[in-house]
S.K.: 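Below you'll find the structure I mean.
One-based numbering, in listed order, for ligands and for the atoms of each.
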Amino acid sequence: MKKYAYIIVGSGLFGAVTAYELSKRGYKCLVLEKRNHIGGNVYTEKIEEINVHKYGAHIFHTSDKEIWDYVNQFADFNNYVNSPIAIYKDELYNLPFNMNTFSKLFHIKTPKEAKEIIEKEKKESFVENPKNLEEQAKNLVGKTIYEKLIKGYTEKQWGKKCDELPAFIIKRLPVRFIYDNNYFNDRYQGIPIGGYTPIIEKMLENVDVLLNTDFLKEKEKYMQMGEKIIFTGPIDAFYNYCFGPLEYRSVRFENEILDMENYQGNAVVNYTDFDIPYTRIIEHKHFEFTNCPKTIISKEYSSKWKLGDEPYYPVNDEKNSALYKKYHDLAEKETRVYFGGRLGQYKYFDMHNVIRSALDYIKTEVSQK
Ligand code: FAD
Ligand code: UDP
């Protein structure tokens with residue numbers, strides 16, 4: 001007899017949602033987490049009255065009402081709207097690209113004037129089938145915006161020149177001819193009041209959890225303890241990198257507690273100039289409009305990833321997609337193991353996508369019982 005119906009590896013959103021849904025239906029679950037806390041990358045920690053997003057800023061946004069209602073069972077969300085600022089050579093611009101950005105860049109007032117300038121620039125550099133990010137970006141927004149607001153940021157973020165990066169990375173840059181600084185087009189958006197950790201705590205309230213426990217260090221033992229395994233760690237690690245490691249981009253956070261009330265006046269400020277070594281500065285208190293005498297900022301340095309570092313962004317280029325397919329083919333043959341989440345499926349999932357995919361998995365899984 002197995003002791004648990006499910007051994008769930010990882011206490012991030014995918015692991016926590018599946019643990020919650022399965023235990024609610026009476027299946028006994030054990031969650032294993034190799035870090036010393038639950039929550040995966042959405043983990044927030046309260047420091048000086050401020051909920052700090054320890055693994056990078058997390059803004060919840062979705063157009064899926066079912067997912068919005070789902071997360072609202074576990075927390076009250078505030079009305080935070082993400083409106084990042086970009087700084088390029090000491091000039092300040094609003095993001096995403098909208099009339100506020102265009103009026104500052106081109107000294108114009110109306111959408112007609114903005115469109116004329118951008119269309120002219122787009123024509124000047126138009127390429128029929130954009131083969132790389134530089135060509136794609138110029139096709140979308142023209143040379144001025146590309147050079148001031150995209151090139152430096154993207155090259156820091158990905159550690160490669162824009163003409164060596166795949167075009168698909170910026171397929172989704174919103175361009176708006178209205179005065180609207182809301183970064184997302186989604187219908188619902190906000191930050192959970194009190195941070196994300198309490199959401200995960202509620203999901204795991206009735207579930208056995210072992211922290212500081214690396215499943216892969218005692219794989220055979222845990223494989224025997226559960227009838228099924230839900231694995232949300234890196235899929236290549238599960239197979240001992242038998243085809244070689246998948247590539248990631250890593251991020252280093254430099255956190256500072258400052259003896260001042262307000263450092264930059266906005267939660268997110270992007271530095272789009274290549275010469276500034278960090279990509280952005282996050283001021284955490286502004287996510288929850290926290291009123292306190294100190295402030296905490298995190299400078300984000302995008303960095304090269306090597307085996308053993310925290311994997312943050314999957315690099316979904318051709319080479320890595322082909323490598324992932326090999327691991328995925330192995331995974332398809334498993335009868336007792338399911339791979340889920342950002343690392344298990346090697347996909348750049350946002351939080352709402354992870355919850356959707358966890359709920360879809362549960363639906364199929366329980367219908368087969
Ligand atoms: P994870 O959160 O990575 O959880 C996996 C867990 O498994 C981790 O806790 C890990 O320690 C554990 N684990 C791994 N291997 C083992 C092992 N062998 N044994 C035991 N435990 C193991 N999404 C948004 O919607 N909005 C945002 O603004 C946003 N910002 C982001 C910013 C950054 C810098 C990053 C990197 C991501 C951001 N995301 C954002 C995406 C979001 O973080 C993910 O969608 C979500 O955290 C994925 O959850 P997960 O459970 O798949 O993975
Ligand atoms: N980007 C950019 N300038 C910016 C912000 C983003 O050029 O000021 C580009 C960059 O290529 C980045 C992509 O847009 O990789 C997606 O950025 P976003 O902030 O939407 O995603 P995140 O890094 O938060 O996942």
S.K.: Ion pair present between K109 and E113, side-chain N to carboxylate O less than 4.0 angstrom?
M.R.: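 Salt bridge flag = no for E113 with K109.
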S.K.: Within ligand 2, which atoms have a heavy atom of Q157 less than 4.0 Å away?
M.R.: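 The list of qualifying atoms is 15 (O), 23 (O).
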S.K.: Using a 4.0 Å cutoff against the non-hydrogen atoms of I150, which atoms of ligand 2 qualify?
M.R.: 7 (O)
S.K.: Salt bridge check, E256 against K299: does any charged N sit closer than 4.0 Å to a carboxylate O?
M.R.: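 A salt bridge is present here (some side-chain N lies under 4.0 Å from a carboxylate O).
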S.K.: Which word best sums up how the rings of F238 and F339 line up, parallel for under 30°, tilted for 30 to 60°, or perpendicular for over 60°?
M.R.: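 Correct class here is perpendicular.
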S.K.: Could you tell me whether L149 and ligand 2 have an N or O pair separated by under 3.5 Å?
M.R.: yes
S.K.: Ion pair present between E119 and K123, side-chain N to carboxylate O less than 4.0 angstrom?
M.R.: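 Answer for the salt bridge query: no.
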S.K.: Applying a heavy-atom cut-off of 4.0 Å, say which part of R280 lies close to ligand 2: side chain, backbone, both or neither.
M.R.: side chain
S.K.: Are K326 and D329 within salt-bridge range, i.e. N to O under 4.0 Å?
M.R.: no
S.K.: Ring centroid separation for F243 and Y327, is it under 6.0 angstrom?
M.R.: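 Close enough - the centres of the two rings lie under 6.0 Å apart.
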S.K.: Taking only heavy atoms of L95 into account, list the atoms of ligand 2 that are under 4.0 Å away from them.
M.R.: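 Selected atoms, number and element: 8 (O).
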S.K.: Under 3.5 Å, is there a donor-acceptor pair linking the side chains of Y6 and E227?
M.R.: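 No pair is found: no donor N or O on one side chain lies under 3.5 Å from an acceptor on the other.
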S.K.: If you count only heavy atoms, which residues are under 4.0 Å from ligand 1?
M.R.: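 Within 4.0 Å of ligand 1, protein side: V9, G10, G12, L13, F14, L32, E33, K34, R35, G40, N41, V42, Y55, A57, H58, I59, T213, D214, F215, L216, T232, G233, P234, Y312, Y313, G341, R342, L343, Y348, F349, D350, M351, V354.
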S.K.: Under a heavy-atom criterion of less than 4.0 Å, does K151 contact ligand 2?
M.R.: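 It does not; every heavy atom stays at 4.0 Å or beyond.
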S.K.: Sequence neighbours left out, what passes ring-ring contact (aromatic ring centres under 6.0 Å, His included) with F287? Give chain and number order.
M.R.: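 Only H53, Y80 meet the ring-ring contact (aromatic ring centres under 6.0 Å, His included) criterion with F287.
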S.K.: Run the numbers for me: atoms of ligand 2, each under 4.0 Å from some heavy atom of T272, listed by number.
M.R.: 8 (O)
S.K.: Hey, is N270 touching ligand 2 through its side chain, its backbone, both or neither, going by heavy atoms under 4.0 Å?
M.R.: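 Side chain only.
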S.K.: Less than 4.0 angstrom from a charged side-chain N to a carboxylate O is my criterion; do E300 and R252 meet it?
M.R.: no
S.K.: Inspect the contact between E134 and K151 and indicate whether a charged nitrogen and a carboxylate oxygen are less than 4.0 angstrom apart.
M.R.: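 Salt bridge between K151 and E134, a charged N being under 4.0 Å from a carboxylate O: no.
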S.K.: Look at the aromatic rings of F102 and F177 and report parallel, tilted or perpendicular, splitting at 30° and 60°.
M.R.: tilted
S.K.: Among Y348, Y183, Y271, which residue places a heavy atom closest to atom 20 (O) of ligand 2?
M.R.: Y183
S.K.: Below 3.5 angstrom, do we get any N/O pair linking Y153 and ligand 2?
M.R.: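 No; every N/O pair is 3.5 Å or more apart.
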S.K.: Measure from atom 13 (C) of ligand 2 to every heavy atom in L133, T279, I170, D350 and give the option owning the shortest one.
M.R.: I170
